[in-house]
Amino acid sequence: MEYTLQQRCDAIVSECLQINSKNPFDIFYKIAQKDFVRMHGPEHHVLDGAALLTAFYNAGGNINLSKSLEELVRRGMQMPGATCGQWGVCGAVTSIGASLSVIDGTGPLSADASWGNHMHFTSAALGKLADVGGPRCCKRDAFLVLDEAVEYINANYDVCLEKSEVKCTYSMQNEQCIRQRCPFYKKKIAFICVHNSCRSQIAEALGKKYLSDKFESFSAGSETKPQINQDAVRIMKDMYGIDMEKSQYSKLISDIPEPDIAISMGCNVSCPLIGRGFDDDWGLEDPTGKSDDEFIKIIKEIERKILEYAV
């Protein structure tokens with residue numbers, strides 16, 4: 001379905017009115033995964049501030065949430081897209097600035113401290129974005145500004161907002177991702193073998209189990225199989241309670257994002273060609289067709305090597 005900007009903003013408000021969290025990051029995540037929020041788009045001019053207003057209200061802030069969100073939509077709809085590049089100010093900052101103005105009832109003629117306080121906030125938030133640099137990423141910018149906003153709210157109002165560690169999962173959707181320059185970027189580690197049906201699938205599953213706070217784990221091959229090795233599936237379920245067939249399947253190297261770290265499971269006769277050299281070759285024997293003991297031996301060796309990346 002194709003949404004108009006008004007429909008996107010109305011949907012954001014509807015979601016906010018149903019969320020009880022005091023954590024604006026949690027609110028942002030829950031709404032950003034909906035189909036009416038794009039990777040980039042001016043709906044973030046409403047979403048970012050709406051996440052803060054909702055958390056503020058849920059933490060005991062003295063506002064009428066419905067009316068506050070309605071006013072934020074009115075203001076957010078007036079902000080043009082691409083302001084970060086064409087106007088020199090990010091829409092995430094203006095969205096949060098607008099939400100602070102709504103909380104305090106600040107206007108252009110306000111003589112109280114809020115007028116200047118909001119300027120201090122927006123200048124500090126813009127400084128954070130400027131230090132990271134471009135090109136824009138509506139998710140990265142929102143995370144940076146919300147982090148600044150939680151500190152500001154907790155220091156200046158009689159409420160306590162919660163926040164959580166940001167773990168970005170959007171880099172694959174963002175063609176302009178700045179990767180390691182982004183403070184929220186998680187490196188991508190890829191486990192490669194020829195058929196992507198056994199050793200590399202085990203490594204992907206254990207990578208997701210042990211490395212999820214540092215890496216996004218992938219596996220791939222130069223060829224594929226119709227299904228993951230069924231002995232590997234069975235034994236991984238027995239050993240770790242992991243059902244690899246729920247979220248994994250045999251993939252070509254071209255089907256995964258470019259990895260920061262590429263590991264060969266064991267070249268043996270020939271290595272898959274991935275367009276670059278491998279960062280490591282684990283030299284593992286393929287247990288396919290062998291006993292359970294051989295599978296367990298290889299799985300334990302993969303686990304040991306995976307855990308070396310966890311430190």
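Side chains included, hydrogens not; waters and symmetry mates left out as well; all remaining heavy atoms used.
Glu216 has no carboxylate O lying under 4.0 Å from a charged side-chain N of Lys208, or vice versa, which leaves the two without a salt bridge.
When the shell of 6.0 Å around CG of Asp35 is examined, it contains more than 12 heavy atoms from other residues, nucleotides or ligands. In this structure, Tyr185 places its OH atom where more than 12 heavy-atom neighbours from other residues, nucleotides or ligands lie under 6.0 Å away. Residue Tyr152 places its OH atom among more than 12 non-hydrogen atoms of other residues, nucleotides or ligands, all under 6.0 Å distant. The environment of Gln33 atom CD is dense: over 12 non-hydrogen atoms of other residues, nucleotides or ligands sit within 6.0 angstrom. Other residues, nucleotides and ligands place no more than 12 heavy atoms under 6.0 Å from the NZ atom of Lys297. No more than 12 heavy atoms of other residues, nucleotides or ligands lie within 6.0 Å of CG in Asp158, so this atom counts as exposed by the packing criterion.
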- Message: Checking Lys305 against Glu308 for the salt bridge (charged side-chain N to carboxylate O under 4.0 Å, His left out) test, could you report, in this order, the C-alpha distance in whole Å, the side-chain angles of both residues, the deciding distance, and whether it holds?
- Response: CA-CA 5 Å; Lys305 289 179 176 291; Glu308 291 178 355; 5.6 Å; no
- Item | Worked check of side-chain contact (heavy atoms from CB on, under 4.5 Å) between Val102 and Arg75 | CA-CA 10 Å; Val102 169; Arg75 298 184 193 185; 3.9 Å; yes
- Item | Derivation and outcome, side-chain contact (heavy atoms from CB on, under 4.5 Å), residues His44 and Lys139 | CA-CA 9 Å; His44 289 81; Lys139 300 301 190 289; 3.1 Å; yes
- Could you walk me through whether Glu70 and Arg74 pass the salt bridge (charged side-chain N to carboxylate O under 4.0 Å, His left out) check? CA-CA 6 Å; Glu70 180 182 338; Arg74 187 188 70 80; over 6 Å; no
- How far apart are the C-alpha atoms of Glu2 and Arg8, what are their side-chain angles, what is the distance that settles it, and do they pass the salt bridge (charged side-chain N to carboxylate O under 4.0 Å, His left out) test? CA-CA 10 Å; Glu2 184 57 37; Arg8 295 178 192 276; 3.2 Å; yes
- Applying side-chain contact (heavy atoms from CB on, under 4.5 Å), run through Ile228 and Tyr249 and close with a yes or a no. CA-CA 6 Å; Ile228 302 173; Tyr249 58 94; 5.6 Å; no
- With side-chain contact (heavy atoms from CB on, under 4.5 Å) as the test, would you mind laying out the steps for Lys237 and Met244 before giving the verdict? CA-CA 8 Å; Lys237 280 182 183 177; Met244 294 193 294; over 6 Å; no
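Panel note: side chain Ser250, backbone His195; a donor-acceptor pair is recorded below 3.5 Å. Although no hydrogens or angles enter the test, the distance criterion places no donor-acceptor pair under 3.5 Å between the side chain of Asn156 and the main chain of Ile153. For the pair Ser123 (side chain) and His120 (backbone), a donor-acceptor distance under 3.5 Å is present. Under a 3.5 Å cut-off, the side chain of Ser212 and the backbone N or O of Lys209 do not form any donor-acceptor pair. The closest donor-acceptor contact from the side chain of Lys251 to the backbone of Ser219 lies under 3.5 Å. Formation of a donor-acceptor pair under 3.5 Å by the Ser99 side chain with backbone atoms of Ile96 is found in this model. At least one donor-acceptor pair closer than 3.5 Å links the side chain of Lys214 to the backbone N or O of Tyr309. Panel note: side chain Ser68, backbone Asn64; a donor-acceptor pair is recorded below 3.5 Å. A donor-acceptor pair under 3.5 Å is absent between the side-chain atoms of Ser101 and the main chain of Gly97, judged by distance alone. Within the 3.5 Å criterion, the main-chain N or O of Ile263 finds no donor-acceptor partner in the side chain of Asp280.
Criterion: ILVMFWY side-chain heavy atoms under 4.5 Å apart, direct or through other members. Under it, Val37 and Phe184 are part of a common hydrophobic cluster. Grouping the Ile, Leu, Val, Met, Phe, Trp and Tyr side chains by contacts below 4.5 angstrom, directly or via other members, places Tyr29 with Ile31. Tyr57 and Leu17 fall within a single hydrophobic cluster, where Ile, Leu, Val, Met, Phe, Trp and Tyr are joined by side-chain heavy atoms under 4.5 Å apart, directly or via other members. Both Leu206 and Leu211 belong to a single network of hydrophobic side chains, linked directly or stepwise wherever heavy atoms of I, L, V, M, F, W or Y lie under 4.5 Å apart. Criterion: ILVMFWY side-chain heavy atoms under 4.5 Å apart, direct or through other members. Under it, Phe121 and Ile63 are part of a common hydrophobic cluster.
Two residues are said to be in side-chain contact when any heavy atoms from C-beta on lie closer than 4.5 Å; Lys225 and Asn196 fail this criterion. Val89 places none of its side-chain heavy atoms less than 4.5 Å from the side chain of Cys84. Taking 4.5 Å as the limit, every side-chain heavy atom of Gln201 sits out of range of all side-chain heavy atoms of Cys193. Pro80 has its side chain within reach of Trp87: a pair of non-hydrogen atoms, C-beta onward, lies under 4.5 Å apart. Proximity of Asp286 to Cys198: side-chain heavy atoms (C-beta onward) are separated by under 4.5 Å at one or more points.
Across all their heavy atoms, Leu72 and Ser95 have their closest contact at CD1-O, 3.8 Å. Residues Cys9 and Met77 approach most closely at SG-SD, 3.8 Å, considering heavy atoms. When every heavy atom of Ala59 is checked against every heavy atom of Cys160, the shortest pair comes out as CB-O, 4.0 Å. When all heavy atoms are compared, the tightest approach of Leu146 to Asp48 is CD2-O, 3.8 Å. Of all heavy-atom pairs between Gly60 and Val159, the closest is C-CG1, 4.0 Å. Nearest heavy-atom pair, Asn20 versus Asn58, reported as atom, atom and distance to 0.1 Å: C-ND2, 3.1 Å.
For Asn229, the side-chain hydrogen bond (donor to acceptor under 3.5 Å, both in side chains) partners two or more places apart in sequence, or in a different chain, are Thr288. Taking the side-chain hydrogen bond (donor to acceptor under 3.5 Å, both in side chains) definition, one finds that Ser247 meets it with nothing, sequence neighbours left out.
Side-chain atoms of Ser110 and Asp112 include no donor-acceptor pair closer than 3.5 Å. Side-chain contact annotation: Asp26 with Ser21, donor-acceptor N/O pair under 3.5 Å present. In the model, Tyr210 has a side-chain atom that pairs as donor or acceptor with a side-chain atom of Glu303 under 3.5 Å. A donor atom on one side chain and an acceptor atom on the other are found under 3.5 Å apart for Asp104 and Tyr157.
Looking at Gln180, Lys188, Lys187, Lys186 one by one, the single match for side-chain hydrogen bond (donor to acceptor under 3.5 Å, both in side chains) with Asp260 turns out to be Gln180.
Here the straight-line distance linking atom CD1 of Ile302 with atom CZ of Arg199 works out to 8.0 Å at 0.5 Å rounding.
Phe143 and Phe28 have perpendicular rings, their planes meeting at more than 60° on a 0 to 90° scale where under 30° would count as parallel. Note on ring orientation: taking the six-membered ring where Trp is involved, the planes of Trp282 and Phe191 are tilted (angle from 30° to 60°).
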Quick one: side chains of residues 124-136, donor-acceptor pairs under 3.5 Å with protein atoms, not counting sequence neighbours, listed by atom name and distance.
from   : atom 1 : to     : atom 2 : distance (Å)
Lys128 : NZ     : Asp147 : OD2    : 2.9
Lys128 : NZ     : Glu148 : OE1    : 3.2
Arg136 : NH1    : His40  : NE2    : 3.4
Arg136 : NH1    : Gln176 : OE1    : 3.2

